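In this text, all values refer to a predicted model and were calculated from it rather than measured experimentally. Residue numbers begin at 1 in each chain, while the letters A, B, ... track the order of the sequences.
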Amino acid sequence: MYDGQVEQNLSTGFKNGRPMVHTESEERCTMVEYEPNTIEPKWQLAWKEAESFDSDVDQSKPKFYCLEMFPYPSGHMHMGHVRNYSIGDSIARYRRLRGFNVLYPMGYDSFGMPAENAARSKGGHPHDVTWGNIESIREDLQRMGFSYDWRRELATSNAEYYHWNQWIFLKFYETGLVERRTAPVNWCNDCETVLANEQVKNNRCWRCSSEVVQKEMAQWFLRMTAYADELLDGLDDIGFPEHVKAMQRNWIGRSHGAEIHFPVVDSDHTIAAFTTRPDTIFGVTFVTLSPEHPLCEELVAGTEQEAEFQALADECAKLTEFERINMLREKKGVFLGRMARNPLSGEEIPIYAGNFVVASYGTGAVMAVPAHDQRDHDFAEKYDIQIRRVLSESEGSEPITEGKAFEGLGWMIGSSREGFDGLYGDDAKQAVIRALEAEGAGKGSTQFRLKDWLLSRQRFWGTPIPFVHCTKCGVIPVPKEDLPVRLPLDVVFSEEDSGNPLGSHTEFVQAICPTCGGEARRETDTMDTFYDSSWYFLRFCDAMNENAPYDRETIDYWMEGGVDLYIGGIEHAIMHLLYARFFTKALRDFGMNKVSEPFSRLVCQGMVNAPTPYCTSCNVEHHVDLTGNDCPQCGELLGSRSAKMSKSLGNTVSPEIMIEQFGADTVRLFILFGSNPEAGMDWSDSAVEANHRQMHQIFSVLNLLDEVSDEVGPMDDWLAAKRRSNMHTWWDAMDDVRIREGVMISHFDMLTDLQWAMRRGGVGSKELKKHLTVWGAMLYPATPHMAEEWNSHLGNDTTLAETIINDPSIGDDDVLILSEESALKDLIDSARNVKGLAERHSEKPVTRLVIQTTPNWKLDLLIEALDLADTEFDFMREGTAFIQQHSTFVDEAMRGEVMQYWRALTIGSKKTRGRVFTLRDTEKTLIRSKHNETASIKSAALFIAEAINIEDIEVYVAGEGEDVSGKARFAAPLQPGLAFL
RNA sequence: GCAGGGGUACCCGAGUGGUCAAAGGGGGCGGGCUCAAGAUCCGCUGCAGAAUGCUUCGCAGGUUCGAAUCCUGCUCCCUGCACCA
């Protein structure tokens with residue numbers, strides 16, 4: 001399937017080889033220069049030739065399965081794709097660096113209506129349309145340098161793939177999970193096909209937004225409800241974001257309750273009603289049926305209410321569900337002229353048909369308890385039906401709530417039978433259920449909102465359902481050895497011919513019955529495309545397998561614990577993820593795999609937004625053409641806000657153009673640094689340019705190699721310590737997919753730190769080389785091309801793609817080295833601040849700085865206080881006594897200062913706690929090491945002077961020299977007294 | 001209506017009891033370098049101030065010695081579901 005797109009890129013790409021922002025002047029041509037459009041294709045080719053990203057089962061290595069939701073090939077890649085795959089690629093590359101055997105595949109969800117519609121309007125065949133699109137999106141993917149194992153590339157519209165769709169379908173059939181039945185189904189007139197419940201939003205088609213109507217049709221279902229409990233319970237311990245779990249829970253909608261049988265008076269019929277509140281059984285004052293309920297017509301026949309019922313039923317049938325909910329919030333009902341008997345109380349109650357009862361949920365009938373259900377309450381008031389309280393808000397007292405239903409749990413009261421009053425909540429429900437079951441009048445029952453998955457579609461461009469219809473034998477599966485049932489390629493699509501062209505394709509339709517050998521008609525329905533994506537992640541594990549969907553041993557290796565990281569859009573929170581979870585469980589039960597949950601960690605990447613003209617008062621977003629204009633509706637000047645990139649708003653940014661201008665690595669850096677994966681992000685041209693400059697800056701660091709000649713330098717130890725510490729933080733962040741944080745370290749902090757080291761005296765060539773080598777690996781996940789170029793410039797023969805990095809063990813002195821340096825930074829910061837103030841107080845320019853460091857007794861006292869704090873010493877209570885008998889307290893002249901200092905150390909002020917509690921761990925370590933602060937500052941004096949623009953600096957321990965400006969008393973450990981003169 | 005997520009400085013965004021006037025980036029401002037521009041490096045970017053104090057994390061209360069962080073109410077925004085018995 002792989003067809004050498006990379007070579008094509010090489011010959012055809014980047015006519016505008018120079019980036020828009022360009023930094024180097026021409027005469028300095030010996031310097032290394034960052035040229036993304038040269039190095040990116042170069043490394044893409046190198047990776048490909050080295051087969052760096054091909055991975056196979058290797059039981060000796062830990063595996064990491066990194067997966068992105070594969071795209072529907074609609075043409076070129078958009079920013080949403082770029083973001084999705086940049087996240088995945090950086091993690092895949094990171095995991096390889098860490099020694100994991102990484103499975104990172106890519107394919108195309110290539111069945112579906114858009115290709116069919118395109119074929120219809122432009123002529124041609126969906127297959128050609130689809131393949132054209134796949135070619136261009138593949139080219140885009142490769143130009144971004146994503147590290148897929150291209151051998152595994154698949155397209156669901158290929159017979160090599162959908163063969164196994166059909167094979168699995170027959171498995172479903174064998175195990176009784178396939179059902180063909182006539183049912184009222186959702187029909188979209190525009191798409192000319194049925195839709196699954198999940199594909200209907202507000203009674204409109206999820207794809208074309210036209211209205212959905214109900215039709216009675218024979219359709220194919222997958223019995224997903226058989227797994228409803230497991231699908232729900234499994235959510236408790238998988239790594240999905242909370243809101244995705246919430247959506248799935250809502251969708252599955254499990255409710256526990258009871259089915260209660262209400263016998264119809266003077267009839268053999270019984271009305272079964274589902275309720276979650278059996279504890280309110282004694283408050284039932286009527287029963288309501290959905291107007292579609294089959295009993296309605298029979299019961300009402302011959303009563304005075306017959307005509308009235310017909311009117312209501314007609315009205316409901318005519319209205320769409322959408323209208324029933326939104327236009328007619330008013331509850332309406334008709335008495336059906338008959339009574340039912342409450343099975344526990346024996347009481348006779350009227351039967352109504354009500355427009356608010358949903359036919360498809362539960363039994364389509366509800367027991368109405370107006371005192372404890374607001375809907376029933378409204379209905380009862382309207383039709384003047386008795387409202388009877390049977391629950392109390394507090395134990396042993398009379399009900400309080402008036403004028404509306406009390407829907408909470410309460411204590412049963414006023415039961416017409418012994419043994420129930422006083423029971424509460426779940427006890428009450430169980431007691432009623434027990435009574436019902438004992439008397440055969442009902443049972444405990446669990447209902448689901450989840451329905452079976454209607455997966456047949458009356459369309460062409462999908463997997464043919466592998467069945468034939470034989471007049472003698474009925475509906476018969478195609479034997480596995482005859483698979484795949486292929487879609488014909490000689491089909492003509494045109495605007496005039498609507499419907500499914502498979503039906504009129506004689507060759508396709510004509511079939512032989514596998515059972516009797518007689519003439520049969522082939523099934524022309526195809527499968528919902530969500531079927532294709534429900535197991536593609538399994539196929540990827542063994543994508544070249546020609547004999548089975550996948551091999552058991554292979555799948556158990558790659559799918560152990562599920563896909564380790566799955567990245568995609570929130571729009572698939574319900575359908576795709578639910579179907580995929582269902583498939584995995586069902587296939588597990590077929591013995592095909594061990595794993596039960598397909599995705600162990602899901603990351604839903606946020607939207608990519610872009611600035612869009614926006615009218616605050618109309619709350620409307622406008623096309624970017626109107627930027628700076630007045631609102632066409634109200635005339636106010638348009639503001640701006642960020643909105644999802646969309647064609648209709650014209651605020652899209654083309655990845656191709658960005659890549660051409662800045663290179664793929666800059667686009668990746670921008671995407672990954674712009675915000676964390678889950679958060680939304682705003683496109684910003686200036687930020688992209690800034691990131692591009694950052695790339696240049698990082699890359700130009702390589703020039704230091706020529707500039708540094710000494711083998712060792714004063715900052716070698718510091719730089720090494722800083723690198724190790726950065727590396728650890730970076731690992732933690734990347735392990736947890738906090739990519740933004742990781743990139744901040746690898747692409748920003750690392751540069752800042754090196755610049756600091758150079759300013760502070762510089763590093764030697766040996767350490768520099770080592771530093772750049774390790775840094776190269778850190779640059780690799782987010783900006784791999786630049787990192788490889790960097791790495792090869794350093795003279796390393798092994799590509800980063802083949803490199804595994806080792807644990808950077810922290811050096812013993814790292815903490816001290818780093819905290820000493822950061823103490824110096826702090827000193828400079830505060831000196832700079834104080835200098836500014838001093839200048840305002842001084843008539844002449846400030847030229848001298850006298851630094852008085854802490855006297856030893858303060859240092860000793862602080863260490864003592866730190867030790868006490870470790871023992872949970874109560875400074876509030878015992879601190880004063882402690883200091884008063886301390887040796888420093890003997891000298892009366894010092895008592896005031898000692899006491900003041902002690903309080904600052906241990907108690908603090910109103911807002912801040914004592915210093916012993918606010919010091920950083922690194923600072924504590926430094927203080928306890930009794931490092932020589934005076935010497936440390938002295939050795940950096942020149943640097944400090946330069947940094948704050950001062951001519952002369954003097955440093956001594958407070959008390960050992962003149963107390964200039966009386967600043968000695970401010971001197972404390974890590975906080976020397978500063979006097980500017 | 002129900003459920004989930006949010007509101008942090010000019011903008012984006014990190015931060016979930018004290019080390020927070022609050023990372024990082026963008027933008028803006030100042031300085032070094034330069035004939036100059038760009039790039040780059042350094043700094044400033046709540047108010048006042050010789051090292052401290054004050055005000056600030058949607059609004060209003062509360063808990064606490066101490067709140068951006070915890071609790072309650074309100075408000076606004078986003079997302080999903082929606083007469084589910």
Student: When the P atoms of A21(B) and U16(B) are considered, how many whole Å apart are they?
Tutor: 16 Å
Student: Which base sits across from G66(B) as a Watson-Crick or G-U pair, both distances under 3.5 Å?
Tutor: none
Student: With a 4.0 Å cut-off on heavy atoms, is Gln755(A) in touch with a base, just the backbone sugar-phosphate, or nothing at all?
Tutor: sugar-phosphate
Student: Please state how far atom CG in Asp378(A) lies from atom C1' in A85(B), giving the value in whole angstrom units.
Tutor: 14 Å
Student: For nucleotides C57(B) and A51(B), find the distance between their P atoms and express it as a whole number of Å.
Tutor: 26 Å
Student: Among all residues two or more places apart in sequence or in another chain, which pass the salt bridge (charged side-chain N to carboxylate O under 4.0 Å, His left out) test with Lys245(A)?
Tutor: none
Student: Quick check for you: among G80(B), U19(B), A85(B), whose closest atom lies nearest to any side-chain atom of Tyr361(A)?
Tutor: A85(B)
Student: Return the value, rounded to whole Å, for the distance between atom CD1 of Ile271(A) and atom C1' of A85(B).
Tutor: 15 Å
Student: Please answer whether the main-chain N or O of Ala371(A) pairs with a side-chain N or O of His377(A) as donor and acceptor at a distance below 3.5 Å.
Tutor: no
Student: Distance check needed: C84(B) P versus His256(A) NE2, whole Å only.
Tutor: 18 Å
Student: Which part of the nucleic acid, if any, lies within reach of Lys245(A) when heavy atoms closer than 4.0 Å are counted: base, sugar-phosphate only, or nothing?
Tutor: nothing
Student: Measure all distances between protein nitrogen or oxygen atoms and nitrogen or oxygen atoms of nucleotides 44-49 of chain B, and list the pairs falling under 3.5 Å.
Tutor:
| unit_1 | atom_1 | unit_2 | atom_2 | d |
| --- | --- | --- | --- | --- |
| G49(B) | OP2 | Arg840(A) | NH1 | 3.2 |

Student: Using the P atom as the point on both nucleotides, what is the distance between G7(B) and A14(B), in whole Å?
Tutor: 9 Å
Student: When you compare the side chain of Ile387(A) with that of Thr285(A), does any pair of heavy atoms fall below 4.5 Å?
Tutor: no
Student: Please give, in whole Å, the distance from G1(B) P to Glu407(A) CD?
Tutor: 14 Å
Student: Round to a whole Å and report the spacing from NE2 of His696(A) to P of A39(B).
Tutor: 12 Å
Student: Write down the distance separating the P atoms in U8(B) and C84(B), rounded off to the nearest Å.
Tutor: 35 Å
Student: Calculate the interatomic distance between Leu866(A) atom CG and U19(B) atom C1'; express it in whole Å.
Tutor: 13 Å
Student: Run the salt bridge (charged side-chain N to carboxylate O under 4.0 Å, His left out) test against Arg928(A) and tell me which residues pass, sequence neighbours left out.
Tutor: Asp867(A), Asp870(A)
Student: Once you apply the 3.5 Å cut-off to both distances, tell me the Watson-Crick or G-U wobble partner of G61(B), or none.
Tutor: C71(B)
Student: For the P atoms, the ones on U45(B) and on A23(B), what distance do you get once it is rounded to whole angstrom?
Tutor: 10 Å
Student: Starting at the 5' end of RNA chain B and moving along, which residue's nearest nucleotide shows up first, Ala947(A) or Ile574(A)?
Tutor: Ala947(A)
Student: Can you name the residues that form a salt bridge (charged side-chain N to carboxylate O under 4.0 Å, His left out) with Lys382(A), not counting sequence neighbours?
Tutor: Glu330(A)
Student: Looking at residues at least two apart in the chain, or sitting in another chain, which of them share a ring-ring contact (aromatic ring centres under 6.0 Å, His included) with Trp251(A)?
Tutor: none
Student: Relative to the ring of His692(A), is the ring of His696(A) parallel (under 30°), tilted (30 to 60°) or perpendicular (over 60°)?
Tutor: perpendicular
Student: When the ring planes of Trp683(A) and Phe670(A) are compared, do they come out parallel, tilted or perpendicular, using 30° and 60° as the limits?
Tutor: perpendicular
Student: Side-chain N or O of Ser255(A) versus OP1/OP2 of A85(B): is the shortest distance under 4.0 Å?
Tutor: yes
Student: Around atom CZ of Arg249(A), are there more than 12 heavy atoms of other residues, nucleotides or ligands at under 6.0 Å?
Tutor: yes
Student: Think Lys825(A) forms a cation-pi with Trp756(A), using NZ or CZ under 6.0 Å from the six-ring centre and within 45 degrees of its axis?
Tutor: yes
Student: Table please: side-chain donor-acceptor pairs of residues 747-755 of chain A below 3.5 Å, with sequence neighbours left out.
Tutor:
| unit_1 | atom_1 | unit_2 | atom_2 | d |
| --- | --- | --- | --- | --- |
| His747(A) | NE2 | Thr783(A) | OG1 | 2.8 |
| Thr752(A) | OG1 | Phe748(A) | O | 2.9 |
| Asp753(A) | OD2 | Asn726(A) | ND2 | 2.9 |

Student: With heavy atoms under 4.0 Å as the rule, sort Ser830(A) into base, sugar-phosphate or nothing.
Tutor: nothing
Student: Is there a donor-acceptor pair closer than 3.5 Å between any side-chain N or O of Asn691(A) and the backbone N or O of Ala687(A)?
Tutor: yes
Student: Which whole number of Å gives the distance between the P atom of G61(B) and that of A67(B)?
Tutor: 14 Å
Student: Looking at Glu897(A) and Lys858(A), is any side-chain nitrogen of the basic one under 4.0 Å from a carboxylate oxygen of the acidic one?
Tutor: yes
Student: Regarding Phe274(A), tell me which of base, sugar-phosphate or nothing describes its non-hydrogen contacts under 4.0 Å with the strands shown.
Tutor: base
Student: Taking the six-membered ring for Trp, is the centroid-to-centroid distance between Phe379(A) and Phe356(A) below 6.0 Å?
Tutor: yes
Student: Examine distances only and state if a side-chain atom of Asn342(A) and a backbone atom of Ile281(A) form a donor-acceptor pair shorter than 3.5 Å.
Tutor: yes
Student: Write down the partner of A23(B) under the Watson-Crick or G-U wobble criteria, each distance required to be under 3.5 Å.
Tutor: none
Student: Residues in salt bridge (charged side-chain N to carboxylate O under 4.0 Å, His left out) with Glu839(A), at least two apart?
Tutor: Lys835(A)
Student: Could you tell me the Watson-Crick or G-U partner of U52(B), where both distances fall under 3.5 Å? Say none if there is no partner.
Tutor: A48(B)
Student: Report yes or no: is the cationic atom of Arg254(A) (NZ for Lys, CZ for Arg) closer than 6.0 Å to the six-membered ring centre of Phe448(A), at no more than 45° off its axis?
Tutor: no
Student: Enumerate the residues from residues 362-375 of chain A whose closest heavy atom to RNA chain B is under 4.0 Å, giving them by residue number; use none for an empty result.
Tutor: Val366(A), Arg375(A)
Student: Sticking with atom P, work out how far G25(B) lies from C44(B), rounded to a whole angstrom.
Tutor: 13 Å
Student: Provide the Watson-Crick or G-U wobble partner of G38(B), both distances under 3.5 Å; none if there is no partner.
Tutor: none
Student: Do NZ/NE/NH1/NH2 and the carboxylate oxygens of Asp378(A) and Arg375(A) come within less than 4.0 Å?
Tutor: no
Student: Rounding to an integer number of Å, can you tell me how far His293(A) NE2 sits from A85(B) C1'?
Tutor: 13 Å
Student: If the condition is side-chain hydrogen bond (donor to acceptor under 3.5 Å, both in side chains), which residues does Ser255(A) pass it with, not counting sequence neighbours?
Tutor: Tyr361(A)
Student: On the nucleotide A39(B), are OP1 or OP2 found under 4.0 Å from the side-chain N or O atoms that Gln697(A) carries?
Tutor: no
Student: When all nucleic acid strands are considered with a 4.0 Å heavy-atom cut-off, which category describes Thr275(A): base, sugar-phosphate, or nothing?
Tutor: sugar-phosphate
Student: Using atom CG of Asn726(A) as one end and atom P of A23(B) as the other, report the distance to the nearest whole Å.
Tutor: 18 Å
Student: For RNA chain B, which residues in residues 974-981 of chain A have a heavy atom at a distance below 4.0 Å?
Tutor: Pro976(A), Gly977(A), Leu978(A), Ala979(A), Phe980(A)
Student: Using a 4.0 Å heavy-atom cut-off to protein, can you give one letter per nucleotide of nucleotides 24-32 of chain B, 5' to 3': B if the base is in contact, S if only the sugar-phosphate is, - if neither?
Tutor: BSS------
Student: Go ahead and name the base partner of C81(B); Watson-Crick or wobble counts if both distances stay under 3.5 Å, otherwise write none.
Tutor: G1(B)
Student: Can you work out whether Asp682(A) or Phe970(A) has the more 5'-proximal nearest nucleotide on RNA chain B?
Tutor: Asp682(A)
Student: Taking the P atom of each, how far is G31(B) from G38(B), in whole Å?
Tutor: 13 Å
Student: Could you list, one pair per line, each protein nitrogen or oxygen that sits under 3.5 Å from a nitrogen or oxygen of nucleotides 2-7 of chain B, together with the distance?
Tutor:
none

